[in-house]
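Below is one structure, written out as structure tokens; the observations come after it.
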Amino acid sequence: MAAVLRRSRKLWGRCLKHVDYTLVSSRSMASKTPVGFVGLGNMGNPMAKNLLKHGYPVIATDIFPESCKELQELGAQIVDNPAEVADKADRIVTMLPSSPNVIEVYTGPNGILKKVKKGSLLIDSSTIDPAVSKEVSVAVEKMGAVFMDAPVSGGVGAATTGKLTFMVGGVEEEFTAAQELLTCMGANVVYCGAVGTGQAAKICNNMLLAIGMIGTSETMNLGIRLGLDPKLLAKILNMSSGRCWSSDTYNPVPGVMEGVPSGNNYQGGFGTQLMAKDLGLAQATATNTKTPVPLGSLAHQIYRMMCARGYAAKDFSSVFQFLREDEKEEGQ
């Protein structure tokens with residue numbers, strides 16, 4: 001891995017010479033030229049809708065055609081593959097599930113780089129390995145385009161309301177151009193540094209999120225077993241030092257809050273399988289940097305067990321239900 005990163009850094013340095021940044025930076029901030037969007041899943045769909053709401057024509061594609069229907073009805077142009085998106089738009093946002101998906105969408109037979117225009121701005125909001133972001137960036141730079149990683153935090157709710165937080169890595173001179181689009185989809189757009197630093201920030205955030213959700217679920221479960229009303233306990237936690245996002249905004253106990261996955265049989269939201277994937281990325285980077293993350297490691301194991309026990313498609317807050325089921329099995 002170290003050798004790959006060293007090679008990527010050398011390539012990055014050489015490829016920067018081939019990019020004419022004035023092509024990207026000269027784009028008018030008031031421009032409403034088409035924006036490409038690849039990946040219309042739980043997060044990508046509402047993000048693309050917000051671009052439409054802000055007056056940007058959207059040219060989109062997804063591997064599952066049925067995912068495109070709603071956006072098409074709202075006025076987006078749907079094409080067959082990422083290459084066609086790149087042929088029609090010089091600003092493209094991608095939102096994909098994993099590193100292999102990103103590599104395929106950018107460098108595959110029908111990938112963006114097959115028809116990307118020189119000077120195009122390519123923003124990847126997927127959560128992937130920072131090393132993969134750097135490798136894709138090198139390939140993009142060779143084509144005379146600009147790549148930025150901009151993973152998000154906030155979940156489906158924030159994606160719908162346009163209140164996501166974007167963590168952006170890339171050439172600082174292009175941050176303003178990226179910010180123009182990202183502020184249509186998010187309330188916070190933060191520049192983190194070079195390509196890959198956005199991913200680094202996101203991985204750290206999600207490791208803490210997983211640990212916090214498990215802790216909140218354990219705490220709520222203990223309080224319920226001790227005879228406390230869950231709504232009362234949540235109220236006390238949220239006015240005390242134990243307060244956190246998992247307790248006051250995304251409580252995992254059914255009936256405590258409205259409008260969250262726990263109130264809808266853990267449907268929607270951020271899937272357990274995706275959380276397990278992100279924790280795997282955190283573990284890999286922790287190993288590579290020789291960083292001790294004992295709680296992150298335990299969280300990864302818990303979410304992997306949940307995937308094996310039928311929770312993969314449920315929201316990650318279903319860890320509360322998982323703990324309760326383990327409890328029932330012990331009582332049998």
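Hydrogens, waters and symmetry mates play no part in the numbers below; they use all other heavy atoms, side chains included. The residues of the chain are indexed from 1 along the displayed sequence. What you see is a predicted model; the values in this text were computed from it and never measured.
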Name every donor-acceptor pair, under 3.5 Å, that has one atom in a side chain of residues 37-44 and the other anywhere in the protein, sequence neighbours excluded.
none

Is the backbone N or O of [Y] less than 3.5 Å from a side-chain atom of [X], with the two atoms forming a donor-acceptor pair by type?
X    : Y    : value
N81  : E84  : yes
D87  : A83  : no
N288 : A284 : yes

Do [X] and [Y] get their side chains close enough for a donor-acceptor pair, meaning under 3.5 Å?
X    : Y    : answer
R91  : S120 : no
N238 : S247 : yes
S297 : Q283 : yes
N188 : T165 : yes

Ignoring hydrogens, what is the shortest heavy-atom contact between [X] and [Y]? Give both atom names and the distance.
X    : Y    : value
G255 : K231 : O-CE, 2.8 Å
P109 : E104 : CD-OE2, 3.6 Å
E141 : V146 : OE2-CA, 4.3 Å
S98  : I128 : C-CG2, 3.6 Å
A150 : I123 : CB-CG2, 3.6 Å

Next on the checklist: Walk me through whether L164 and M47 qualify under side-chain contact (heavy atoms from CB on, under 4.5 Å).
Outcome noted: CA-CA 9 Å; L164 290 167; M47 289 168 67; 3.8 Å; yes

Next on the checklist: Among residues at least two apart in sequence or on other chains, which ones pass ring-ring contact (aromatic ring centres under 6.0 Å, His included) with Y106?
Outcome noted: F147

Out of curiosity, [X] [atom1] to [Y] [atom2], how far, rounded to the nearest 0.5 Å?
X    : Y    : atom1 : atom2 : answer
Q321 : D315 : CD    : CG    : 11.0 Å
T33  : K88  : OG1   : NZ    : 14.5 Å
I63  : N101 : CD1   : CG    : 7.5 Å
L51  : I59  : CG    : CD1   : 12.0 Å

Next on the checklist: Just so I know, are the side chains of V168 and V190 near enough to count as touching, which here means a heavy-atom distance under 4.5 Å?
Outcome noted: no

Is the count of non-hydrogen atoms from other residues, nucleotides or ligands lying under 6.0 Å from [X] atom [atom1] greater than 12?
X    : atom1 : result
K117 : NZ    : yes
I78  : CD1   : yes
E66  : CD    : yes

Next on the checklist: Show, in sequence, the C-alpha distance, side-chain angles and deciding distance for Y266 and T272, and conclude whether the side-chain contact (heavy atoms from CB on, under 4.5 Å) test is met.
Outcome noted: CA-CA 10 Å; Y266 301 103; T272 293; over 6 Å; no

Item to check | Test log, rule side-chain hydrogen bond (donor to acceptor under 3.5 Å, both in side chains), inputs D129 and S99 | outcome: CA-CA 7 Å; D129 189 325; S99 296; 5.7 Å; no

Item to check | F316 and Y303 aromatic ring geometry - parallel, tilted or perpendicular at 30°/60° bounds | outcome: tilted

Next on the checklist: Quick check on side-chain contact (heavy atoms from CB on, under 4.5 Å): which of I224, I214, T216 does F320 satisfy it with?
Outcome noted: I224

Next on the checklist: Using a strict threshold of under 4.0 Å (side-chain N to carboxylate O), is an ion pair present between E70 and K49?
Outcome noted: yes

Checklist entry - Can you list the steps and then say if E174 with M148 is a side-chain contact (heavy atoms from CB on, under 4.5 Å)? => result CA-CA 9 Å; E174 298 309 324; M148 304 189 89; 4.1 Å; yes

